[in-house]
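Taking it in order: structure first as structure tokens, then the write-up.
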Amino acid sequence: MKVVCESCESSFKYEAVKDMECCPVCGAVFDFGETDDNVVDTQVEAGLLHFDEIMIFKDKPNLSGVSVCCRECGEESALELDKFQEIVDKEYVILKPEVIYKCEGCGKEHKPRKITYKRKDRYAPLLPRCPICNSAMLKKITKGSKFLAAATIGTFALPYNSKTFECRDCGYRF
């Protein structure tokens, strides 16, 4: 179960805020009366959108928009800037009251007007680094050079042939 604040539309786990009298974000008083209007089922919460980027192009404003992603199906799309009432970068965006968004991937209608920010997981692959000088300037030792070393000096090339990289800064092989 989730609790949604009526004034700022922030959502919280019911267990975390069941003993609180007011919203930790905006300070509005929670009304946990008999109706529990601000308690929603987590299945409704699962289909909400989140955004990761606001794109503004000064030379081509028709391409500007907010990149949104459906939490349920992962479908990504972009919404034009004129569909938003309020935009706070890296925090939230609020859709205009007349805008209704239906996900193209799962077909679900996203009812809350507030879309929260979530950074997209874009990680660059880790580069190997030299264990001695921590440099990323490495050269891969090729199989051809390993074969040439083995052919030239024989068994004395075994320590060289077991290595994969050579640091261009300090010359260490590992």
Side-chain angles (χ1 to χ4, degrees), residues 2 8-13 15-17 24-26 42-43 45-96 99 101-108 110 112-174:
K2 295 267 186 182
C8 70
E9 297 181 8
S10 297
S11 63
F12 310 97
K13 288 185 179 177
E15 293 80 24
V17 295
V25 175
C26 68
T42 53
Q43 292 175 348
E45 180 71 20
L48 299 177
L49 295 171
H50 66 270
F51 79 98
D52 71 328
E53 186 177 18
I54 298 173
M55 304 166 287
I56 299 175
F57 302 102
K58 293 179 182 172
D59 53 338
K60 295 184 180 180
N62 59 334
L63 297 178
S64 298
V66 176
S67 175
V68 296
C69 182
C70 178
R71 289 182 182 158
E72 188 166 297
C73 67
E75 181 75 23
E76 294 185 22
S77 61
L79 297 173
E80 297 85 24
L81 291 177
D82 61 349
K83 293 186 177 189
F84 296 98
Q85 176 179 331
E86 184 179 353
I87 297 175
V88 179
D89 193 22
K90 297 205 188 313
E91 286 188 37
Y92 64 88
V93 293
I94 297 179
L95 291 167
K96 290 182 178 176
V99 175
Y101 180 78
K102 196 169 195 175
C103 179
E104 296 170 3
C106 63
K108 185 170 183 174
H110 298 278
R113 294 183 353 184
K114 185 174 187 176
I115 302 171
T116 56
Y117 172 77
K118 180 182 174 194
R119 184 175 64 92
K120 188 180 272 187
D121 297 330
R122 296 180 189 150
Y123 297 110
L126 294 174
L127 296 174
R129 294 191 171 269
C130 176
I132 303 299
C133 67
N134 202 28
S135 172
M137 299 296 296
L138 304 175
K139 169 176 89 168
K140 185 158 173 101
I141 301 172
T142 63
K143 290 181 181 179
S145 66
K146 289 180 182 183
F147 180 74
L148 184 63
T152 306
I153 57 175
T155 59
F156 295 110
L158 285 176
Y160 175 79
N161 286 347
S162 66
K163 310 301 182 195
T164 307
F165 295 103
E166 180 178 355
C167 179
R168 291 185 179 177
D169 290 338
C170 69
Y172 182 73
R173 295 182 183 120
F174 59 100

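Quick note: numbers below take in every heavy atom, side chains included, and nothing from hydrogens, waters or symmetry partners.
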Pairwise distance [atom1]([X]) to [atom2]([Y]) - rounded to 0.5 angstrom:
X	Y	atom1	atom2	result
Glu80	Met55	CD	CE	10.0 Å
Leu148	Ile153	CG	CD1	9.5 Å
Ile54	Leu81	CD1	CG	8.0 Å
Ile87	Leu95	CD1	CG	9.5 Å
Lys102	Lys108	NZ	NZ	12.0 Å
Lys140	Ser145	NZ	OG	10.5 Å

Name all pairs fulfilling the ring pair (Phe, Tyr, Trp, His ring centres under 6.0 Å) condition that reach into residues 129-148, sequence neighbours left out, sorted by first residue then second.
->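 Counting only pairs at least two positions apart or across chains, no ring pair (Phe, Tyr, Trp, His ring centres under 6.0 Å) contact touches residues 129-148.
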Around Lys139, counting heavy atoms of other residues, nucleotides and ligands shown, do more than 12 lie under 6.0 Å from its NZ?
->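 No - once you tally the heavy atoms of other residues, nucleotides and ligands closer than 6.0 Å, there are 12 at most.
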Which atom names give the shortest non-hydrogen contact between [X] and [Y], and what distance separates them?
X	Y	answer
Lys96	Asp82	NZ-O, 2.9 Å
Phe84	Val66	CE1-CG2, 3.5 Å
Cys70	His110	SG-CE1, 3.8 Å

Distance-only criterion, 3.5 Å: show the donor-acceptor pairs between side-chain atoms of residues 162-174 and protein atoms not counting sequence neighbours.
{"unit_1": "Ser162", "atom_1": "OG", "unit_2": "Pro159", "atom_2": "O", "d": "3.1"}
{"unit_1": "Asp169", "atom_1": "OD2", "unit_2": "Ser135", "atom_2": "OG", "d": "2.5"}

Are any side-chain N or O atoms of Ser64 and backbone N or O atoms of Phe57, one a donor and one an acceptor, separated by less than 3.5 Å?
-> yes
Run the ring-centre check on Tyr117 versus Tyr92 and record whether the distance is less than 6.0 Å.
-> no
Got a sec, which residues hit side-chain hydrogen bond (donor to acceptor under 3.5 Å, both in side chains) with Ser77, two or more places apart in sequence or on another chain?
->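 Counting only residues at least two positions away or on another chain, Ser77 forms a side-chain hydrogen bond (donor to acceptor under 3.5 Å, both in side chains) with Tyr101.
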Is there a side-chain contact between Cys106 and Glu75, using heavy atoms and a 4.5 Å cut-off?
-> no
